[in-house]
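See below for the structure under consideration.
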Amino acid sequence: METEAQRARRYAAQDVVDKLGVKPGDAVLFEGTKKDADLVRRIRMKAGRPPARAAEQADIVMYWPTSAKEVTPALRRLRARMTPAGGLWVITAKRDKARAGRPYLGSDVIGLGLAARLVDNKICGVSDTDTAMRFVIRRSERTKR
């Protein structure tokens with residue numbers, strides 16, 4: 001049986017794109033003006049297809065906000081672009097790593113997501129400076145779009 005320490009080491013060794021849940025064929029939507037170009041490239045390689053088109057539902061949304069005040073309105077808009085079982089990652093600065101265009105939102109992002117009728121269910125460090133929190137549509141609302 002795997003110990004907690006072994007599980008943690010195995011997870012830490014995983015590529016960040018796998019931690020984000022990207023699978024071949026996924027329609028991925030990239031949103032935000034300060035995207036991480038290397039991460040976008042790696043996600044596109046894993047998905048093996050162009051980003052989600054304008055009229056296409058996205059399996060995964062990657063969103064880089066530039067301020068806290070834009071998050072809830074953007075999440076409401078992006079929620080409509082997600083497949084019912086899709087995930088929306090909000091990428092922000094880690095504590096003490098905030099910089100121009102990449103705010104540190106800490107746990108405030110949870111409330112901003114709830115205001116958009118999304119619930120958080122996973123967090124993932126994406127780099128030395130950035131972290132991501134995944135939001136999903138509640139199961140009870142997945143057919144009520």
Side-chain angles (χ1 to χ4, degrees), residues 2 7-145:
E2 185 176 48
R7 188 200 63 74
R9 279 193 300 277
R10 183 175 45 81
Y11 181 77
Q14 267 188 313
D15 182 72
V16 69
V17 176
D18 292 329
K19 289 178 185 179
L20 294 170
V22 179
K23 295 177 182 53
D26 276 349
V28 183
L29 175 63
F30 301 97
E31 192 72 28
T33 58
K34 302 276 186 174
K35 298 175 195 77
D36 177 332
D38 182 59
L39 183 59
V40 169
R41 180 188 58 76
R42 292 172 57 209
I43 289 170
R44 287 189 63 192
M45 284 181 60
K46 177 77 177 212
R49 54 156 290 165
R53 294 170 208 57
E56 184 178 16
Q57 294 294 108
D59 300 301
I60 298 174
V61 177
M62 303 297 298
Y63 169 52
W64 288 264
T66 56
S67 70
K69 69 180 181 177
E70 77 179 51
V71 174
T72 298
L75 293 183
R76 286 181 180 135
R77 180 177 48 78
L78 293 169
R79 184 182 193 275
R81 292 287 314 273
M82 293 169 53
T83 60
L88 190 159
W89 289 96
V90 177
I91 302 168
T92 62
K94 290 181 177 179
R95 185 185 316 272
D96 301 327
K97 303 291 183 176
R99 55 206 182 275
R102 185 85 79 244
Y104 168 69
L105 298 177
S107 60
D108 293 345
V109 74
I110 295 170
L112 298 170
L114 287 171
R117 294 181 31 238
L118 294 168
V119 63
D120 65 296
N121 72 345
K122 188 173 183 181
I123 193 160
C124 175
V126 294
S127 71
D128 291 338
T129 58
D130 293 335
T131 189
M133 185 174 290
R134 183 174 66 187
F135 289 88
V136 296
I137 298 168
R138 291 181 193 278
R139 287 179 197 249
S140 62
E141 295 184 21
R142 288 186 185 173
T143 57
K144 301 175 191 174
R145 306 266 313 233

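Worth saying up front: this structure is predicted, and the values here are computed from it rather than measured. Computed over heavy atoms, backbone and side chain alike; hydrogens, waters and symmetry mates excluded.
A heavy-atom distance below 4.5 Å is found between the side chains of Arg42 and Asp15. Contact of the Ile137 side chain with the Leu118 side chain is registered, since non-hydrogen atoms from C-beta on lie closer than 4.5 Å. Between Val136 and Arg142 there is a side-chain heavy-atom pair separated by less than 4.5 Å. Residues Arg44 and Phe30 are in side-chain contact: their nearest non-hydrogen atoms beyond the backbone lie under 4.5 Å apart. Side-chain contact check for Arg99 versus Asp130: some heavy-atom pair is nearer than 4.5 Å. Annotation: side chain of Leu20 is in contact with side chain of Leu39 (closest heavy-atom distance under 4.5 Å). At least one side-chain heavy atom of Phe135 sits under 4.5 Å from a side-chain heavy atom of Val109. Annotation: side chain of Thr129 is not in contact with side chain of Lys94 (no heavy-atom distance under 4.5 Å).
Under the salt bridge (Lys or Arg N to Asp or Glu O under 4.0 Å) test applied with Glu2, the options Arg7, Arg10, Arg9 reduce to a single match, Arg10.
Annotation: side chain to side chain donor-acceptor pair (under 3.5 Å) contacts of Asp18 (sequence neighbours excluded): Lys46. Taking the side chain to side chain donor-acceptor pair (under 3.5 Å) definition, one finds that Arg139 meets it with nothing, sequence neighbours left out.
The existence of a salt bridge linking Asp59 and Lys23 is excluded, since no basic side-chain nitrogen approaches an acidic carboxylate oxygen closer than 4.0 Å.
Put simply, the side chain of Asp26 never gets that close to the backbone of Val28: no donor and acceptor are under 3.5 Å apart.
Sorted by first then second residue, the side-chain hydrogen bond (donor to acceptor under 3.5 Å, both in side chains) pairs that include residues 62-71, not counting sequence neighbours, are Tyr63-Glu70, Thr66-Glu70.
Listed here is the closest heavy atom pair of Ala132 and Val126: CB-CG1, 3.9 Å. Nearest heavy-atom pair across Val71 and Pro65 is CG2-CB, 3.7 Å.
Rounded to the nearest 0.5 Å, atoms CG (Leu29) and CE (Met62) are 10.5 Å apart.
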Full working for salt bridge (Lys or Arg N to Asp or Glu O under 4.0 Å) between Glu31 and Arg81: CA-CA 11 Å; Glu31 192 72 28; Arg81 292 287 314 273; 5.8 Å; no
